[in-house]
> 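What follows is a structure written as structure tokens; I'll ask about it next.
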Amino acid sequence: MTRGLMLNDADCGFCMRTAALVPRLGVDIDASTIQAVDLDALGVDAERAQVEMPYVHPDGRVDYGHRAFAAILRTGPLPWRVVGRLMTTRPIDPVARRAYHWVAANRSRLPGGTAACALPQPGER
């Protein structure tokens, strides 16, 4: 891979809406859905991908959740590169992680969200 790959859930309207907005930030990535790729071949944990957005770096490393979004932002122009770096610094990382998890847990209630966007409950995965 020459560019990173952002993956999102095609069954979630909120995720699809967010994925459509990300290219507007000027980031240098490819995008697909978790349903359209071979997750095992990419080294993506399928269960975790249902809960946190994965980003596959060009070198094959995989980040999830807020770290995935930070990595995506780091491929873009200023100020997004700076924001992406700040999101994973010691004082901001735990706040960004909690914010990401809150959004993920509530994505069915956010703009574009539907009941299909709700996170799977334990045992439903």
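All values reported here derive from a predicted model rather than from experimental measurement.
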> Which heavy atom of Gly65 sits nearest a heavy atom of Glu52, and at what distance?
N-CB, 3.6 Å
> Evaluate the criterion side-chain contact (heavy atoms from CB on, under 4.5 Å) for residue pair Thr114 and Ser108; output intermediate values, then yes/no.
CA-CA 5 Å; Thr114 66; Ser108 62; over 6 Å; no
> Let me see the working for Val83 and Arg74 under side-chain contact (heavy atoms from CB on, under 4.5 Å), right down to the final yes or no.
CA-CA 8 Å; Val83 172; Arg74 287 193 303 267; over 6 Å; no
> Measuring from atom CG of Leu39 to atom CG of Asp45, what distance do you get when rounded to the nearest 0.5 angstrom?
9.0 Å
> Checking the side chain of Arg107 only, and the main-chain atoms of Cys117 only, is there a donor and an acceptor separated by less than 3.5 Å?
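Yes; at least one donor-acceptor contact below 3.5 Å.
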> Can you name the one residue among Asp38, Leu42, Val37 that meets side chain to side chain contact (heavy atoms under 4.5 Å, CB included) with Asp40?
Asp38
> Can you name the nearest heavy-atom pair linking Thr89 to Leu86, along with the distance?
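So the minimum-distance heavy-atom pair works out to OG1-O, 2.8 Å.
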> What verdict does the side-chain contact (heavy atoms from CB on, under 4.5 Å) test give for Met87 and Asp93, after you've listed the backbone C-alpha separation in whole Å, the side-chain angles of each residue and the deciding distance to 0.1 Å?
CA-CA 5 Å; Met87 285 175 65; Asp93 186 77; over 6 Å; no
> To check you understand the geometry: which heavy-atom pair defines the closest contact between Gly4 and Pro58, and what is its length?
N-CG, 3.5 Å
> Could you give all pairs that pass the ring pair (Phe, Tyr, Trp, His ring centres under 6.0 Å) test and reach residues 82-104, with sequence neighbours left out?
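The answer is none; no pair qualifies.
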> Counting distance only, does the side-chain N/O of Thr33 pair as donor-acceptor with the main-chain N or O of Ala10 below 3.5 Å?
no
> What pairs of residues pass the ring pair (Phe, Tyr, Trp, His ring centres under 6.0 Å) test when at least one of them lies in residues 8-55, not counting sequence neighbours?
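Qualifying pairs: Tyr55-His57.
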> Are any non-hydrogen side-chain atoms of Arg81 and Leu73 less than 4.5 angstrom apart?
no
> Identify the heavy atoms of Ser32 and Ala36 that sit nearest to each other, and give their distance.
OG-CB, 3.7 Å
> Is it true that Val82 and Val27 fall in one hydrophobic cluster, defined by side-chain heavy atoms closer than 4.5 Å?
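No, it is not one cluster - the side chains of Val82 and Val27 are not joined through contacts under 4.5 Å.
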> Decide yes or no on side-chain contact (heavy atoms from CB on, under 4.5 Å) for Phe69 and Asp63, but give the supporting numbers first.
CA-CA 8 Å; Phe69 199 70; Asp63 280 320; over 6 Å; no
> Can you check whether Val44 reaches Pro54 side chain to side chain, under 4.5 Å on heavy atoms?
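Yes; the side chains approach each other to less than 4.5 Å.
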> Residues two or more places apart in sequence or in another chain: which of them pass side chain to side chain donor-acceptor pair (under 3.5 Å) with Asn8?
none
> So do the side chains of Tyr64 and Val51 get within less than 4.5 Å of each other, counting heavy atoms only?
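Tyr64 vs Val51: side chains apart.
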> Is there a continuous path of hydrophobic side-chain contacts, each under 4.5 Å between heavy atoms, that joins Leu5 to Val62?
yes
> For Arg3, look at atom CZ and say whether over 12 heavy atoms of other residues, nucleotides or ligands are found less than 6.0 Å away.
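Buried by this count: over 12 neighbours within 6.0 Å.
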> State, with a plain yes or no, whether a side-chain heavy atom of Asp30 is found less than 4.5 Å away from one of Met6.
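Sidechains of Met6 and Asp30: no contact.
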> Tell me which one of Ile72, Val22, Asp9, Ile34 satisfies side chain to side chain contact (heavy atoms under 4.5 Å, CB included) with Met53.
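Exactly one pass, corresponding to Ile72.
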> So Ile92 and Arg97, do their side chains get closer than 4.5 Å, heavy atoms only?
no
